[in-house]
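Here the structure is laid out as structure tokens; the discussion comes afterwards.
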Amino acid sequence: MSQEASIHIWPGSYYINSEKRWASGILCLTRTTLRFNSEQNQENLISLRLSRIMEIKMETSGFIFSALTVLEQGNIKHWFGSLKPCRTAVYHVLEHFWRERLLSPTEPRGAEAPLSKGQELIGLISGAQRRLEDTGKVLNHQGEQFDNMIQGLDNIESDLSVADKLLSELECPSWWPFGKLPWKSHQEAKSEAAAKAACAKGSGKGQKVITSIPAIISHVGSSGNLKPGSLIVLVSSLEVRDANGQLLHCFEKEEVDDVYVHSPYEISVRQRFIGKPDICFRILSARMTEALSVLEMQYKKKVVITRDYAAFQATSATTSGSPEGGGNIWSAGHGQDPEGTVELPAGELTQLQLHVLQPTVTEAEAQELKQMLQQLKTLALEAETELERQDEALDVLSCSADRTTMNINRHTRRMRKLL
């Protein structure tokens with residue numbers, strides 16, 4: 001039987017209580033389970049569902065100096081030791097995915113509650129609605145930026161009209177017999193101060209939060225430096241913060257060179273430099289799909305799909321039984337929960353079992369789907385209207401920018417003649 005794709009793996013050891021010994025192997029975290037495979041024969045020594053875990057702690061024992069313990073339902077404690085790169089890094093990742101799974105309202109609680117067709121459709125439409133809402137937020141912020149640019153160009157044109165009048169007076173000063181213009185230096189200083197003030201005013205705009213997700217942060221180049229934090233996606237930047245909300249690094253939009261997608265749960269953001277080391281953060285989150293759709297729209301060609309993601313997607317498709325996957329590429333790993341699948345021997349499917357495996361859509365689910373589709377239609381129409389408005393704004397911007405450029409060039413030639 002094919003297994004779920006691994007989100008993260010760590011070499012370590014597991015204490016087999018029945019044999020009173022430690023076995024070395026690989027600790028593996030998937031979307032729904034935590035398992036440990038033996039190093040010698042690849043035997044699966046333990047497989048825990050995340051929904052059955054009661055507590056994850058860092059402890060010490062008489063057998064090893066430090067260990068990681070996982071308490072399962074029924075007060076069954078599992079001991080893991082010799083974890084690499086370090087126990088703390090493994091603890092942060094496990095606790096993050098465990099807590100996010102417990103807090104997720106869409107995850108089924110076990111094999112006794114499989115998803116019906118109606119629930120699957122509702123989940124798909126709900127995900128599409130969230131993506132469309134995120135897209136709408138980005139479009140609104142983009143429209144605000146266009147409006148600010150148009151207003152700025154109008155102010156420039158107003159200033160250029162004033163400059164035109166002043167240049168006309170300077171070109172023929174009948175009352176000034178000398179070649180030097182004493183007020184020139186004063187006007188230049190005034191224009192420089194106005195430009196600095198405009199830049200400072202513009203730098204404070206566009207810093208609205210699009211989405212914020214909890215994450216495990218690591219600075220590439222420092223081994224074992226995994227710690228909890230958050231990724232905040234803004235209109236014009238990306239912020240990486242620690243668990244206390246302190247800013248670790250801010251990637252301005254134009255400074256981001258690459259956004260590598262390693263899996264639906266892990267990305268790395270890189271800023272390149274010449275003559276000094278690059279700045280790169282690796283970000284792991286159970287809610288990464290909420291940010292990926294926005295990042296794909298904002299950074300477009302800078303988003304790089306790695307081979308690790310392709311392998312993860314292929315493994316997920318094999319596990320779910322759909323080779324193509326379909327839909328949005330960021331939806332990998334968010335289909336039907338493997339804990340809710342039902343396996344029956346071939347040739348022994350009764351009519352009742354067929355009804356369970358192929359549930360119909362209830363009337364209540366149909367009504368909910370109808371309402372959600374109407375909301376999707378409304379959001380799509382609003383997005384279309386906003387796009388049409390922005391197309392018109394782009395035409396206005398293009399004409400205004402061309403006209404302003406021509407006026408600036410003309411005024412520059414006139415000023416050079418005055419020197």
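Just the heavy atoms: all of them, side chains too, but no hydrogens, waters or symmetry mates, feed the values below. All figures in this text were calculated on a predicted structure; none of them were measured in a lab.
Side-chain contact check for V235 versus I210: some heavy-atom pair is nearer than 4.5 Å. The closest side-chain heavy-atom distance from I56 to T69 is not below 4.5 Å. Contact of the Y15 side chain with the F80 side chain is not registered, since no non-hydrogen atoms from C-beta on lie closer than 4.5 Å. Counting only heavy atoms from C-beta outward, the side chains of Q271 and C280 never approach each other to under 4.5 Å. Using a 4.5 Å heavy-atom threshold, the side chains of S398 and D402 count as touching. Within the 4.5 Å cutoff, the side chain of T32 has no heavy atoms near those of the L50 side chain. Under the 4.5 Å side-chain criterion, counting only non-hydrogen atoms from C-beta, M372 is in contact with I122. Contact of the I125 side chain with the L373 side chain is registered, since non-hydrogen atoms from C-beta on lie closer than 4.5 Å.
Between R272 and D257, no side-chain nitrogen of the basic residue sits less than 4.0 Å from a carboxylate oxygen of the acidic one, so the salt-bridge criterion is not met. A salt bridge does not link D258 with K301: every distance from a Lys NZ or Arg NE/NH1/NH2 to an Asp or Glu carboxylate oxygen is 4.0 Å or more. Between E133 and K137, none of the side-chain N atoms (NZ, or NE/NH1/NH2) sits under 4.0 Å from a carboxylate O, so this pair counts as no salt bridge. A salt bridge links K77 to E59: at least one charged side-chain nitrogen sits closer than 4.0 Å to a carboxylate oxygen.
Around the CD atom of E19, the shell of radius 6.0 Å holds more than 12 heavy atoms that belong to other residues, nucleotides or ligands. Remark: K302 NZ is packed, more than 12 non-hydrogen atoms of other residues, nucleotides or ligands lying under 6.0 Å away. The environment of M54 atom CE is sparse: at most 12 non-hydrogen atoms of other residues, nucleotides or ligands sit within 6.0 angstrom. For I9, the CD1 atom sits in a loose shell: 12 or fewer heavy atoms of surrounding residues, nucleotides or ligands are nearer than 6.0 Å.
Aromatic rings from W98 and H96 are positioned such that their centres are separated by 6.0 Å or more.
Using modelled atom types and a 3.5 Å distance limit, the side chains of S268 and H262 yield a donor-acceptor pair. Donor-acceptor pairing under 3.5 Å is lacking for the side chains of S161 and S158. Side chains of Q371 and Q375: no donor on one and acceptor on the other come within 3.5 Å.
The aromatic rings of H249 and F251 sit perpendicular to each other, their planes meeting at more than 60°, with 30° as the lower class boundary. Relative orientation of the F36 and Y14 rings is tilted, given thresholds of 30° and 60° on the angle between their planes.
Across A163 and H411, no two heavy atoms sit closer than the pair CB-CD2, 4.3 Å. The minimum heavy-atom distance between L226 and S218, with the atom names listed, is CD2-CB, 3.4 Å.
Note that CG of L231 is 9.5 Å distant from CD of E239, once rounded to the nearest 0.5 Å. I46 contributes atom CD1, which lies 9.0 Å from atom CG of L27 (distance to the nearest 0.5 angstrom).
Screening V240, L295, L238 for a side chain to side chain contact (heavy atoms under 4.5 Å, CB included) with V269, the sole residue that qualifies is L238.
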Can you list the steps and then say if Q142 with Q390 is a side-chain contact (heavy atoms from CB on, under 4.5 Å)?
CA-CA 8 Å; Q142 183 173 285; Q390 291 185 17; 2.7 Å; yes
Could you walk me through whether R287 and S212 pass the side-chain contact (heavy atoms from CB on, under 4.5 Å) check?
CA-CA 10 Å; R287 293 166 52 188; S212 176; over 6 Å; no
